S.K.: 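Would you mind keeping the following structure in view while I ask a few things?
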Amino acid sequence: MSSLAPQTGLPTDESLFERLRAGDEAAFLALYRRRQGGIYRFALHMSGSAVLAEDITQEVFLALIRADSGYDPRRGALSGYLFGIARKLVLRHIERTRADVALAPDSDDSALSEISVTDDPMVDLTRRESIDALRHAIVALPRRYREVVVLCDLDEVDYAAAARILECPVGTVRSRLHRARALLLHKLLHNERGSRLAVGALKPARCAI
Amino acid sequence: MPELAAASPAPDAAADLQRRHLDGCPACAEWLKRHGALAGGLGTVAAEWRWVNAPPRLEPRLLAAYRAQSGLREMHSGWLPALVWASAVAATVLLALLLVHAERVPERARPPRIHASRTQLAGVQPAPAETAAETDVAAGENGFIPLPNAANLPPSEELDVVRIEVPRSAMMAVGYPVSPDRASEMVQAEVAVGFDGLARAVRFSEAESSN
C-alpha cells in the first residue's frame, strides 16, 4: 500500500493531500481517482452491497475534505487512513443491521451469481465458475477474516499497513489470513461436495512423515 | 508444510528435499496443491477486481462538495465580520423585544425608577441609523448613548432605566468597536425607556472594556 513514492514520478498521496487542503482541485481529483477504486472494492467486498459501497466511498472522501479531517501524516499513510474510515463505516453498518452480509449482493454485481457445480473446484481455480464460487466464499467469510483477505490478497495491502488499518498486531493479521484461507478452502470444498466436511479439513494437512 | 507453499525459491537442496517429501506424502501434496490453487484463484479475483471502480456519478458529486468546502474555507475570514454584524442586528432586535416587554415586568423585579429630563439626552446628538455603527460613540455626560432610531420618537419627559444583558455585539449598533472573538459575550446594559415604552438611549456597563 504505497503512497506512490517519488521514484514513480507521481506525487505522493500526502503531497496531494497538502495541495487539496490548500484548495487545489486537481490534487483532489488526482487523489480521488487514485484511491477510490480500492476503497470502493473494500467496501463492496465487506458489505456485499454496491449501494452501500458507493455511500461508504462517498463518506470516506467527504471526511477527507472536511476541515477537521483529522488526518496526520506522521501517524501513517493516507491510504491507510482512508481504509480505516471505510472499515469503521462498514462496521457501523454491520452493527446497525446486526447481521452480517448476505451472500447475494444487490444491484448489478452479476459476477457473484450462481455457484456452479464443478468436478473439483480446487483443481482449476481459473475457471469462471470456480472464480465466482471463490468470490462468494470471500463475501461469506466472517468479517474478521474477510477483511484481511480483501486487504492483503485482493487489494495487495502489505501486512504492516493492514495491521494499522485493522488496529491489531502484524502477527494477528498473519494468523487471521492463514485461518481465512483455510476457511475459503473449506467453503469451496463444502459447496462442491454438498456435504459437511470433517472439522479436520479446516486444518492444514499434517503429514506423518 | 505451509512453508512449502511459499513463493520464494528454496535453495536446490531444500527444493530437492521438498520434492522427495511430496512424492512420498499425499497429504502434503494435496495441501500444497489446494493452497496453490487458492492463491491462483485469489490472484485472478484481484486482477479482475482491479478494474472495478466506484460509479462515475460519485466523482462530480464529491467535486462539488470539495468546491463548496474550499469556498467555505476561503470565505471564512470574510464571514466573521458578517456574522458579527448579523449578531448585532439580532441583538438589537432582542433589545427591542425586551423593551417592549419591560413594562410587564413585576414592579419588584424592576430596577429603581429614575427620572431623566429630555435635556439630558438632548445633549447627545443621535447618530443616523444607517451609519451608527461606523461612527464614534457619542455618549452624554451620564454615559447614555441615544439609539439611532430615537431621533424619530417624540420627546419623553420621564424615562425609566431598565437593566438588561445583551451580547457584546449589540454595542456595535451604537458605534462601539467590538472584537469579533468577543462578540458573543454577554454584557450588562441599561436602557432608558420613554413613557411610550420605547427605548431612547442605552448605556453599557463594560463599554470601556469592549475591545
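Values in this document were obtained by computation on a predicted structure and should not be read as measured data. Quick note on labels: first sequence line is chain A, next is B, and so on, each numbered from 1.
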S.K.: Decide yes or no on side-chain contact (heavy atoms from CB on, under 4.5 Å) for Leu63(B) and Tyr32(A), but give the supporting numbers first.
M.R.: CA-CA 9 Å; Leu63(B) 188 58; Tyr32(A) 172 76; over 6 Å; no

S.K.: Can you name the nearest heavy-atom pair linking Val52(B) to Tyr40(A), along with the distance?
M.R.: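 Looks like CG1-CE2, 3.9 Å.
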
S.K.: Does Asp155(A) reach the side chain of Trp49(B), with side-chain heavy atoms less than 4.5 Å apart?
M.R.: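 Not in contact.
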
S.K.: Considering only heavy atoms from C-beta outward, does the side chain of Leu185(A) approach that of His35(B) to under 4.5 Å?
M.R.: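 Yes; the side chains approach each other to less than 4.5 Å.
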
S.K.: Quick one: what part of Ile138(A) sits under 4.5 Å from any heavy atom of chain B, side chain, backbone, both or neither?
M.R.: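 Just the side chain, heavy atoms under 4.5 Å.
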
S.K.: Quick one: does any side-chain atom of Arg41(A) pair with a main-chain N or O of Arg50(B) as donor and acceptor, under 3.5 Å?
M.R.: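 The answer is yes, because a donor-acceptor pair under 3.5 Å joins these two groups.
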
S.K.: Taking side-chain contact (heavy atoms from CB on, under 4.5 Å) as the criterion, tell me which of Asp153(A), Asp132(A), Ile131(A) meets it with Val45(B).
M.R.: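 Only match with Val45(B) under side-chain contact (heavy atoms from CB on, under 4.5 Å): Ile131(A).
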
S.K.: Less than 4.5 Å to any heavy atom of chain B: does that hold for the side chain of Val149(A), its backbone, both, or neither?
M.R.: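 The side chain, not the backbone.
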
S.K.: Counting C-beta onward and ignoring hydrogens, is there a side-chain heavy-atom pair between Arg33(A) and Glu59(B) closer than 4.5 Å?
M.R.: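 A side-chain contact under 4.5 Å exists here.
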
S.K.: Is there a donor-acceptor pair closer than 3.5 Å between any side-chain N or O of Tyr66(B) and the backbone N or O of Leu62(A)?
M.R.: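 No, because the side chain of Tyr66(B) does not come within donor-acceptor range (under 3.5 Å) of the backbone of Leu62(A).
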
S.K.: How close do Ala54(B) and Thr57(A) get, counting heavy atoms only, and between which atoms?
M.R.: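 What the structure gives for the nearest pair is CB-CG2, 4.2 Å.
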
S.K.: Enter the distance from Asn53(B):CG to Leu44(A):CG here, rounded to the nearest 0.5 Å.
M.R.: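 It is 11.5 Å, given to the nearest 0.5 Å.
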
S.K.: Walk me through it: do Leu184(A) and Leu42(B) pass the test side-chain contact (heavy atoms from CB on, under 4.5 Å)?
M.R.: CA-CA 10 Å; Leu184(A) 284 176; Leu42(B) 287 169; 4.2 Å; yes

S.K.: With a cut-off of 6.0 Å (strictly less than), are more than 12 heavy atoms of other residues, nucleotides or ligands near CZ of Arg61(B)?
M.R.: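 More than 12 heavy atoms, drawn from other residues, nucleotides or ligands, come within 6.0 Å of this atom.
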
S.K.: About how many Å separate CD of Gln36(A) and CG of Leu58(B), when rounded to the nearest 0.5 Å?
M.R.: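 It comes to 8.0 Å.
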
S.K.: Can any side-chain N or O of Arg181(A) pair as donor or acceptor with the backbone N or O of Leu38(B) at less than 3.5 Å?
M.R.: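 It does not hold such a pair.
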
